[in-house]
> 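This is the structure, below, for whatever I ask next.
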There are 2 protein chains.
Amino acid sequence: MEITQNIKIAVDAIVFGYSKNELNVLLIKQKFGALKNKWALVGGFVKDDEKLQDAVHRELLEETGIKVNYLEQLFTFGDDLHRDPRFRVISVAYFALVNSTKLEAKPDTDAEEAQWFPIHKLPELAFDHDTILKTAYTRLQNKLSYQPIGFDLLNNEFLFSDLENLYSTILEKNIDRRNFRKKLLSFDILEETEKFSDKKNGRPAKLFKFNKQKYNKLLKEGFYFEIKFA
Amino acid sequence: MEITQNIKIAVDAIVFGYSKNELNVLLIKQKFGALKNKWALVGGFVKDDEKLQDAVHRELLEETGIKVNYLEQLFTFGDDLHRDPRFRVISVAYFALVNSTKLEAKPDTDAEEAQWFPIHKLPELAFDHDTILKTAYTRLQNKLSYQPIGFDLLNNEFLFSDLENLYSTILEKNIDRRNFRKKLLSFDILEETEKFSDKKNGRPAKLFKFNKQKYNKLLKEGFYFEIKFA
DNA sequence: TGCTTTATGCGTAAGTTTTACACAAATATA
DNA sequence: TATATTTGTGTAAAACTTACGCATAAAGCA
């Protein structure tokens with residue numbers, strides 16, 4: 001049986017970063033083709049002997065110099081039959097989170113055209129990337145409530161108020177500060193450090209750490225992370 | 001920029017059916033190639049102008065004559081670089097549920113080699129299909145608790161005991177019959193019919209229906225389906 | 001120094017949901 | 001008519017969630 005198929009496989013990464021109470025998305029400006037100067041997700045074609053995740057890491061490194069904290073497959077988009085005039089492209093989209101400190105860092109490659117955009121102030125996007133992004137944002141919102149991935153968007157050590165703001169920003173909901181803290185502490189996956197915030201105003205706050213090892217251990221014992229809001 | 005890529009795109013379907021308190025998976029016997037006579041998931045290569053879901057429906061119809069009740073994209077498997085000796089294959093796996101009545105029906109095409117296997121009595125599988133299947137089973141288990149997809153595995157009208165058995169079989173857990181019924185009824189997405197079971201033993205049981213319209217309406221109002229067990 | 005402002009840290013009562021458990025009702029069959 | 005079998009319903013205790021209020025620790029300023 002002969003197989004003639006003229007489809008190319010690409011990967012795209014939706015990279016989220018969180019900084020100053022805003023959720024941001026990493027985009028790059030297209031340098032070639034009909035869509036020159038439009039913004040797009042980081043991505044590119046997969047090499048014949050390259051695993052899908054490796055392709056994502058490579059593209060991220062090549063185009064933006066960024067190393068992500070968390071990466072998972074999101075969805076495969078393949079129904080836009082004319083995304084590229086040369087051939088059909090099927091794109092395996094990945095969902096990534098980076099630590100907020102990396103937000104400030106300039107990309108270290110030739111891509112000074114990589115830029116962070118607040119999720120609610122996006123430019124017009126190339127291809128079907130707005131659809132992909134919407135899917136990714138929904139996934140982030142859902143995942144936040146049953147997996148402790150918020151920590152991958154924060155510094156290693158963070159304030160409770162940071163975490164709380166992250167949740168209320170991304171979920172677009174108000175949260176009761178006291179119940180939120182109580183709930184998270186009850187999971188017993190956070191660790192107090194000896195350090196304090198150095199903000200000007202108010203009572204200094206303790207810095208906390210996420211204990212991933214402990215979380216993984218608890219998972220095996222049937223523990224179930226879940227945060228819901230009214 | 002020239003793109004040379006020698007990868008083919010396939011779709012695979014993991015079709016689940018439920019009958020007589022057993023969860024079954026639909027497999028077909030390979031007729032050609034090195035893996036002749038091994039069992040595999042239903043699937044095949046995507047046509048250049050064919051949407052991914054359409055490819056799945058086509059393959060299912062061609063190879064088994066089955067029309068599914070529920071279909072969703074599961075995951076894209078692309079890291080087995082040598083699944084096919086001719087070229088690399090990336091497979092977009094879909095997750096499907098069929099109504100139990102269809103379990104008895106013979107495939108109406110040339111594929112008398114399609115067969116249902118109980119999930120816990122699977123034959124050796126071709127390619128990486130055992131990995132795919134495991135992923136699918138986990139997805140089914142998870143999804144059962146936050147989306148009312150169990151109904152897609154049952155007849156249009158079903159007994160509460162059927163539903164309860166389905167949950168306890170698939171989740172491999174014991175369920176308190178009374179609390180289960182109470183919980184499900186509290187959602188107000190089931191409808192009593194006037195009909196009763198025709199079993200020989202015991203008190204006749206009412207047949208129920210899932211009211212999908214009502215469920216969809218409730219969803220829009222912020223309703224959240226969830227069934228958990230101790 | 002002490003008053004005000006700001007944000008953190010903790011406690012508790014009321015409301016809601018989950019869990020555990022037992023008995024009556026409806027049928028078939030001996 | 002008694003027995004076996006499965007369905008249908010109720011209720012109290014426990015666990016969890018929600019909605020709040022107040023004391024504490026710093027900084028700024030009069």
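Throughout, a chain's letter reflects where its sequence line sits, starting with A, and its residues are numbered from 1.
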> Search all heavy atoms of B/V98 against all heavy atoms of B/I66 and return the closest pair with its distance.
CG1-CG2, 3.9 Å
> Do B/Q115 and B/L27 touch side chain to side chain, with heavy atoms closer than 4.5 Å?
no
> Which listed nucleotide (D/dG8, D/dA23, C/dC10) is nearest to the side chain of A/R181?
C/dC10
> Taking only side-chain N and O atoms of A/K199, does any of them lie within less than 4.0 angstrom of OP1 or OP2 on D/dA26?
no
> As a test of reading the structure: which of C/dG9, D/dA26, D/dT7 is closest to the side chain of A/R177, going by heavy atoms?
C/dG9
> Start at the 5' end of DNA chain D and walk down; is the nucleotide closest to A/N179 or to A/K200 reached first?
A/N179
> In whole angstrom, what separates B/K206's NZ from C/dA26's C1'?
12 Å
> Can you tell me if A/S161 touches the phosphate of C/dA7, counting only side-chain N or O atoms and a distance under 4.0 Å to OP1 or OP2?
no
> Side-chain polar contacts of residues 184-197 of chain B - donor-acceptor pairs under 3.5 angstrom, sequence neighbours left out - could you list them?
| residue | atom | partner | partner atom | Å |
| --- | --- | --- | --- | --- |
| B/S186 | OG | B/K183 | O | 2.5 |
| B/D188 | OD2 | B/K214 | NZ | 3.3 |
| B/E191 | OE2 | B/N211 | ND2 | 2.6 |
| B/E192 | OE1 | B/K206 | NZ | 3.3 |
| B/T193 | OG1 | B/K195 | N | 3.2 |
| B/T193 | OG1 | B/L207 | O | 2.8 |
| B/K195 | NZ | B/E157 | OE1 | 2.9 |
| B/K195 | NZ | B/E157 | OE2 | 3.2 |
| B/S197 | OG | B/A205 | N | 2.9 |

> Does B/K228 make a side-chain N or O approach to OP1 or OP2 of C/dT17 shorter than 4.0 Å?
no
> To the side chain of B/R203, which of D/dA19, D/dT6, C/dG9 is closest?
D/dT6
> Is a donor on one side and an acceptor on the other found under 3.5 Å between the side chain of B/Y137 and the backbone of B/I119?
no
> For A/R178 and for A/N201, locate the closest nucleotide of DNA chain C by heavy-atom distance; then report the residue assigned to the nucleotide nearer the 5' terminus.
A/N201
> Given A/Q53, which of A/L71, A/V11, A/V92 fulfils the side chain to side chain contact (heavy atoms under 4.5 Å, CB included) condition?
A/L71
> Between D/dG8 atom P and B/F160 atom CZ, what is the distance in whole Å?
9 Å
> Quickly work out the A/K173 NZ to D/dT18 P distance and round it to whole Å.
10 Å
> Please state how far atom CZ in B/F196 lies from atom P in D/dT6, giving the value in whole angstrom units.
18 Å
> Starting from P on C/dT18, measure out to CD on A/E226 and report it in whole angstrom.
11 Å
> Between A/D176 and A/S197, which has a closest nucleotide on DNA chain C that is more 5'?
A/S197
> To the nearest angstrom, how far is B/I175 atom CD1 from D/dT7 atom P?
14 Å
> Go through D/dA19, C/dA20, D/dC16 for me and flag the one nearest to the B/K182 side chain.
C/dA20
> Rounded to whole angstrom units, what separation is found between the CG atom of A/L184 and the P atom of D/dT18?
14 Å
> What is the distance from CZ of B/F229 to C1' of C/dA20, rounded to the nearest Å?
15 Å
